[in-house]
Protein chains: 2
Amino acid sequence: MAGPARPTLARVAERAGVSVSTASLAFSGAGPISPETRDRVLRAADELGYTGPNPLGRQLRSGRSGIVGVVIGDQLKRSFRDPVAVQVLDGLVSTLGAHGLGVLLIPGIPGHDPASRVVDPLIETAAMDVGVLVWGVGRQDPTLDAFQRRGVPVVIGEGRLVPGAPAVTLDDRVGTAQVVQHLVDLGHERVAEISLPLDSSGAQGPVDAARLAQVDRTPTANRLAGVRDAVDPVVTWETEASLVEHGKTAALALLSAPDRPTAIVAHSDLLAGGAVLAAHELGLDVPGDVSVAGFDGLDLPWLAPTVLTTVRQPLAEKGERLGEAVIGLLAGEAPEEVRLPVELSVGTTTGPPARQSRTTA
Amino acid sequence: MAGPARPTLARVAERAGVSVSTASLAFSGAGPISPETRDRVLRAADELGYTGPNPLGRQLRSGRSGIVGVVIGDQLKRSFRDPVAVQVLDGLVSTLGAHGLGVLLIPGIPGHDPASRVVDPLIETAAMDVGVLVWGVGRQDPTLDAFQRRGVPVVIGEGRLVPGAPAVTLDDRVGTAQVVQHLVDLGHERVAEISLPLDSSGAQGPVDAARLAQVDRTPTANRLAGVRDAVDPVVTWETEASLVEHGKTAALALLSAPDRPTAIVAHSDLLAGGAVLAAHELGLDVPGDVSVAGFDGLDLPWLAPTVLTTVRQPLAEKGERLGEAVIGLLAGEAPEEVRLPVELSVGTTTGPPARQSRTTA
DNA sequence: GCGTCGCCTCGAAACGATTCGAGGCGCCGG
DNA sequence: CCGGCGCCTCGAATCGTTTCGAGGCGACGC
């Protein structure tokens, strides 16, 4: 039923009465060929049902697969629930697509087994010209190791810099410091912090100094540092992932504690959005009773008309820059680090602390 | 700086003092080989920095790329904002990954140009063993045409059945009818409908019979039909995409109209969630003043503690079934259609219509 | 009329691996 | 001691394309 084997360029050439190399020219257009010959070849191809050169042959010849492996985050499902990842990916796909490159999705963690050194088998076996690690690399990153072992060049987004690998990073420490300073300037002294995951352990809850010292993710480390550039948070609550429900859980705990903070700074807008929901659920006014600030600059339609105070980062541009870094790498350019700026954006979720909150203490 | 060309299996074999075929056996393990010989080959590989067989060579030989092209929806960025797509994709990636297959992301519409017959160039050029059209195909689908022209077999999710192509479909007509019947049973007579896009035109707003006749997407057509199996909606509002903000816009219009409906049925949970937000913004109680029902069975943390009345569909399973269909296709099995069940799930957003809304009319 | 220049076309050599059948060598049994 | 049987190893063919240099042939200029 599957019909005879798919016709090959050689058969087309044979039928058209030309050599294989000439037939190749007819399709690729790379080289001089007379219009009549080309037509004859194309007609022969049509008659045989030949639909163009087999990519596999071309790839072997050129040594390039045209495929860029992209490691998004830990689990695919969870990562894509974060609009941040989605927007970056969109920018990346567009930029690479314009250069004829495709994106192969690689789950960061294969099973449900974080902290294992097992990586997705695709990293070992799939044909890839470049690997992109969008969300940084840890101190001892199995994924990075696997790419390097295979000799696949990598591009790093937001991570520890890797020698020889281009990187796209963010001014997030400065941005975080700015938004927290904004809270300080408003008069806040008891600022609680909802943190991104410190590593891939899946831990959550309030953290102590010892745990803080274990931080193994660059964006998290930068934002932790940024917060501390402006204020010493009364408590830091680690989350399992940057998702609304985790921000909500964290804020419910923080806001129910005896010495309630007057402001919460979250490492991401999704976490901050969850914190706003928690405040509402507890009957607290934002920013009357508690101010909330985030990071990312997402558009959260379900939070409207509330507008988060946040730090805007150029998400699509981050994806585009990553794409350009990939292109540059393939073109043999020297790797460089691109640092993206951020911008404080004051919304309706921050204001001066309430008087009574001080007396309540 | 790039070092000498990457070593090849032939050089490893040479160094180990064995033939290329034996060296191949040492890596693939497919065939008898003595432990000593294998060790010698592996040692030679190590010394040369050979990191395993080049996938490109293997692929050409086997005629398989191990890559499955997945067309998600219209625009990548927009599609991934919908958890429905994300969950299906997750199931698909997991299932394919377990069989050593990788997912290549293909934007449904290349530029910002819907209704054009241009498809993403990847479909024409990238090496793929199978193509998956997750969200169905239209009457004259350029993407489907492109795959078929190239001779790449396809798997269809939720779409018009294509001869020879396996499909994974949904009992969505029945499910939709059930949830609307639930509204009818509660006593609702004026039911408004918020519809998924009828085609890729990007149109939005109330639709008339002529427009309804133009529907060119299977899931949309099924749900429109399902609604009508139970009631004749007072108005149908078409949206541009299944996103919260579009549901909200639609509901704001529907609920501000003079003869306000007592219930709204949306074709998706995201649209329904937006409708709930709209009701709240207008000061309407749900379900006191208006009932809202959706479709999908999503977990919407930002809507808590409200729980949507909806029709639950097995999203991850849909992805898994699509994956299995791909595997089956590659194994040469006869294509078949898998139909997934749905289940009505009553939440807190539906109740009997208020007395006064009738008098208001 | 002959030389030279161009435009096309062609053959052959990669690209890097897998696979299949043939065959060598050692060991065991008769 | 010889025949036969296994276990390994090898050589060669194959996958489908691109590319490079060579060469043929016609035309134009001197």
Side-chain angles (χ1 to χ4, degrees), chain A residues 4-42 44-45 48-66 100 124-129 150-152, chain B residues 4-42 44-45 48-66 100 124-129 150-152:
Chain A
R6 187 180 246 63
T8 147
L9 191 55
R11 298 176 63 86
V12 173
E14 185 188 19
R15 173 157 193 134
V18 300
S19 74
V20 193
S21 39
T22 302
S24 174
L25 259 32
F27 283 99
S28 71
I33 187 173
S34 75
E36 306 86 55
T37 311
R38 164 195 272 111
D39 284 353
R40 194 141 39 88
V41 173
L42 295 183
L48 288 173
Y50 180 81
T51 56
N54 183 332
L56 260 25
R58 190 211 313 277
Q59 287 176 14
L60 174 60
R61 179 66 232 244
S62 68
R64 291 256 170 104
S65 64
E124 319 269 17
T125 62
M128 291 177 296
D129 297 338
R150 264 199 57 192
V152 175
Chain B
R6 188 181 249 58
T8 149
L9 191 56
R11 298 176 62 83
V12 173
E14 185 188 20
R15 172 151 191 140
V18 300
S19 74
V20 194
S21 40
T22 303
S24 174
L25 258 33
F27 284 98
S28 70
I33 188 175
S34 76
E36 304 87 56
T37 311
R38 167 195 270 113
D39 284 354
R40 193 140 42 89
V41 173
L42 295 183
L48 288 173
Y50 180 81
T51 57
N54 184 332
L56 261 27
R58 188 211 316 277
Q59 286 174 15
L60 173 59
R61 183 64 231 254
S62 69
R64 291 256 170 104
S65 64
E124 319 269 17
T125 61
M128 291 177 295
D129 297 337
R150 264 198 57 192
V152 175

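Labels below follow one simple rule: chain letters A, B, ... track the order of the sequence lines, proteins then strands, and each chain is numbered from 1. Side chains are part of it too, since the values below use all heavy atoms of this structure and drop only hydrogens, waters and symmetry mates.
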May I have the list of side-chain donor-acceptor pairs in residues 48-57 of chain B shorter than 3.5 Å, sequence neighbours left out?
{"residue": "Tyr50(B)", "atom": "OH", "partner": "Gly52(B)", "partner atom": "O", "Å": "3.4"}
{"residue": "Thr51(B)", "atom": "OG1", "partner": "Arg150(A)", "partner atom": "O", "Å": "3.4"}
{"residue": "Asn54(B)", "atom": "OD1", "partner": "Leu56(B)", "partner atom": "N", "Å": "2.8"}

With sequence neighbours left out, write down each residue that passes salt bridge (charged side-chain N to carboxylate O under 4.0 Å, His left out) with [X], or none if nothing qualifies.
X        : answer
Glu14(A) : none
Arg61(B) : none
Arg58(B) : none

Query raised in the report: So, for Gly151(B) and Arg6(A), which heavy atoms are closest and what is the spacing to 0.1 Å?
Result: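 Closest approach of Gly151(B) to Arg6(A), heavy atoms only: O-NH2, 2.8 Å.
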Separation of atom [atom1] in [X] from atom [atom2] in [N], rounded to whole Å:
X        : N       : atom1 : atom2 : answer
Arg64(B) : dT18(C) : CZ    : C1'   : 15 Å
Gln59(B) : dC15(C) : CD    : P     : 18 Å
Arg40(B) : dC10(D) : CZ    : C1'   : 13 Å

Just to verify, what does [X] make a side-chain contact (heavy atoms from CB on, under 4.5 Å) with, not counting sequence neighbours?
X        : answer
Ser34(A) : Glu36(A), Thr37(A)
Ser62(A) : Arg64(A)
Ser19(A) : Ser21(A), Thr22(A)
Thr8(A)  : Ala10(A), Arg11(A)

**Report entry** Range-with-range stems for DNA chain C, at least three Watson-Crick or G-U pairs under 3.5 Å
**Finding:**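 DNA chain C forms these stems: C:1-30 with D:1-30.
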**Report entry** Sugar-phosphate or base contact per nucleotide [nucleotides 14-21 of chain D; S, B, -; heavy atom under 4.0 Å]
**Finding:** BBBBBB--
Could you write out each protein N or O paired with an N or O of nucleotides 24-26 of chain D at a distance under 3.5 Å?
none

Report task. Could you list the residues that satisfy side chain to side chain donor-acceptor pair (under 3.5 Å) with Ser24(A), not counting sequence neighbours? Result ->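 By the side chain to side chain donor-acceptor pair (under 3.5 Å) rule, Ser24(A) matches no residue at all.
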